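Scroll down for the structure; my scribbles are underneath it.
Computed from a prediction, not measured in an experiment: that's the story for all the values here.
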Amino acid sequence: MAIIVDLDVQLARRKLSVGEFAAAVGITPANIAVLKNGRAKAVRFTTLDAICRTLGCQPGDVLRWVPDEQPD
């Protein structure tokens with residue numbers, strides 16, 4: 001399963017720094033880094049809500065699914 005987090009794209013579009021974004025969302029910059037780097041194992045709906053509220057976007061603008069490669 002490959003869930004891709006496109007926070008970098010959304011932050012760049014809005015010219016937001018990680019620190020500004022983390023403060024607006026209410027989580028630490030370290031946790032933003034975990035999300036951005038694809039190391040997160042889960043995201044709470046309340047956190048996803050705060051991310052979408054801050055960015056003015058839909059969850060699909062931040063998260064996308066890419067299928068695993070099938071073995072031949």
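- Here the closest non-hydrogen pair linking K15 and E20 is O-OE1, 4.1 Å.
- The nearest pair of heavy atoms linking C52 to P59 is SG-N, 3.5 Å.
- Under the 4.5 Å side-chain heavy-atom criterion for Ile, Leu, Val, Met, Phe, Trp and Tyr, V5 and W65 are members of the same hydrophobic cluster.
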Considering only distance and modelled atom types, tabulate donor-acceptor pairs under 3.5 Å from the side chains of residues 31-44, sequence neighbours left out.
unit_1	atom_1	unit_2	atom_2	d
N31	ND2	T28	OG1	3.4
K36	NZ	D8	OD1	3.0
N37	ND2	A33	O	3.0

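- Follow the hydrophobic side-chain contacts under 4.5 Å out from L7 and you reach I3 in the same cluster.
- Side-chain atoms of Q10 never come within 3.5 Å of backbone atoms of V62 as a donor-acceptor pair (strictly under, hydrogens ignored).
- Residue R53 places its CZ atom among 12 or fewer non-hydrogen atoms of other residues, nucleotides or ligands, all under 6.0 Å distant.
- In this structure, V25 and L55 have side chains that are not in contact, with every pair of non-hydrogen atoms separated by 4.5 Å or more.
- The shortest distance between side-chain heavy atoms of T47 and I27 falls below 4.5 Å.
- L63 CG to C57 SG: the interatomic distance, rounded to the nearest 0.5 Å, is 9.0 Å.
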